[in-house]
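Structure first, commentary second.
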Amino acid sequence: SSASSSTLTHGEEASTQGDADGVVDVNPPRGTRDFPPEDMRLRTWLFDQFREVSRLMAFEEVDFPVLESEALFIRKAGEEITQQLYNFEDKGGRRVVLRPEITPSLARLVIKQGKSVSLPLKWFTIGQCWRYERMTRGRRREHYQWNMDIFGVPKVRAEAELLQAIVLLFQRLGITSSDVGIRVSSRKVLQAVLNMYSIPEHLFTEVCVIVDKLGKLTREEIEKELMSTGLSSEAVQGIIEVLSLKSLSKLEEVLGSDVEAVADLKKLFSFAEQYGYADWICFDASVVRGLAYYTGIVFEAFDREGKLRAICGGGRYDRLLSTFGSEDIPACGFGFGDAVIVELLKEKALLPDMSRQIDDIIFPLDEVLEGPASSIASSLRKKGRAVDLVEDKRLKWVFKHAERINASWLILVGNSEWERGMVRVKILSTREEFEVKADELE
Ligand SMILES: Nc1ccc(Br)nc1
C-alpha cells in the first residue's frame, strides 16, 4: 500500500532525496497507478481496440491538456464529479484542475473552432481523468477514458451510432449480450413527469442528480433528498413510480404517445433492430446518469451479473455550449473507462495473452564480434524486424531470455562462422539450426 514507504529493490541506497530514514517512497501518489511493461501491453491492446472502433465509426481523434481551467467544471447541481475536483491555484494565481471528464474540453474546442468546423463532427479521444476523493474509500483518483462525441446531429441517429460503437467494442473483446446489457432511457421522461406535477424547470437538473443515486441509496434516502428540494410527497412518489418502469409500452401508457421521450426511444429501439444490436439494449426509466448537462437519451452499460459498477455511460447534451456563453449545438457522447472493463475481462477469462513477442535475438559469442553483431541487428531492424541485441551474458541465460520474450530466431555470431561470412540461426519454435550467410538474413 502506498501508505508505507517501500524500501528500494536490491537494497540500494535511495538515489533521490529520501525521507528521514533515507528511503524514498517508490509507490506512485495515492490513488494513481504505474504501468510496468506487462500492464502497459494490456493497456495498449485495450486502447488499440478503442482506436479501431473509432476508425470503423469514422471518428477523428482529438486531444486536450489534462490541465484545464476550473471554470469549465463549476456547476451548481451537486454532482459528485464537481465535488471531487482535483483543483488548485497555479503559480500565476490561476484556478486550474486536473480534468475530471473530457466533454467540457470537447465543447471548449468546438466553440474555439467556431465556424471553421463543419457539422456534424465526430471526435474521439482517450485521456486520463482525475478526481480528488478522500482516500477513506481507497478508490482510484485517476483513470483513462475513451470518449466518443457527435456534434451537430439533433436526431437519435447520433445515439444509435454511439451505441453501435459501444457494442462493436464489446464484440471485439469477446463480450456478448449475455455478459453485458445497455440500459437506455431519456431525461425527457423525467422532464415529462416534472411537467405533470408542475415542478419548476430550475429543479430539473438537481432532481436528475438525486435520482441518479437510485440503486446506490435506499428508496427512503432518495425520497428524503427529493423532498428536501421542496417537491411534494405526491410528486416524489410519481417520480419514483415512473422511474421504476422497465417497459416502453408501459411508459407510453403513463405519458402518452405524443411525448417526445416516447417518440425518441421508440425510434432508437427501431434503429437498434436495423443495426443488429437490439439484444444488447433495454429500456430502463431509472437511468438518468449523474452529469447535470444531459438533456435527452441517456445510457449505461452494465454487467448482467451485477458485480461491477457501470462499464461506460453517456447521453445527449444539447445545451452544454450555452452554459459556456456560446450558441448551442446539439451533441451527444459517452465515456468508457479503462478499469471496470478490465475487471470484466478478468471475470470472463477474456484477458488476451500479453506476453512479449520479439523477432530476433542477436548474441555475439566473443567481444570482438560486437561490431558485426551491431551491423546485423541494424540491417534486420531496417527490414522491420524487432531485434534484441544481447551481450555480456552466458549462453544459458541467452536461451532462457529467448524463451521468456518469445523470440522467433536466435542468431549466434561466432568467430569460426563469421570468418566465412556466416552466422548460426536457431529457429526457437522447431529447435532447427542453420548456418546462414549474414547478408542474406531477413
Ligand atoms: N470522473 C472520474 C475521474 C477519475 C476517476 Br478514477 N473516476 C471518475
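Indexing begins at 1, ligand by ligand and atom by atom, following the structure's order. Side chains included, hydrogens not; waters and symmetry mates left out as well; all remaining heavy atoms used.
Using the six-membered ring where Trp is involved, F336 and W146 have ring planes that are tilted, between 30° and 60° apart.
Between the side chain of R30 and the backbone N or O of R134, no donor-acceptor pair lies under 3.5 Å.
A heavy-atom cutoff of 4.0 Å around ligand 1 is satisfied by the protein residues I81, P100, C129, W130, R131, R140, R141, E142, H143.
L350 places none of its side-chain heavy atoms less than 4.5 Å from the side chain of L173.
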Determine all donor-acceptor pairs shorter than 3.5 Å in which one atom belongs to a side chain in residues 159-167; sequence neighbours excluded.
| residue | atom | partner | partner atom | Å |
| --- | --- | --- | --- | --- |
| E159 | OE1 | R316 | NH2 | 3.0 |
| E159 | OE2 | R316 | NE | 2.6 |
| E159 | OE2 | R316 | NH2 | 3.4 |
| E161 | OE2 | Y275 | OH | 2.6 |

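Under the rule for a side-chain hydrogen bond (donor to acceptor under 3.5 Å, both in side chains), R304 has no partner lying at least two apart in sequence or in another chain.
Applying the salt bridge (charged side-chain N to carboxylate O under 4.0 Å, His left out) test to pairs two or more places apart or on separate chains, those with a residue in residues 321-341 are R33-D338.
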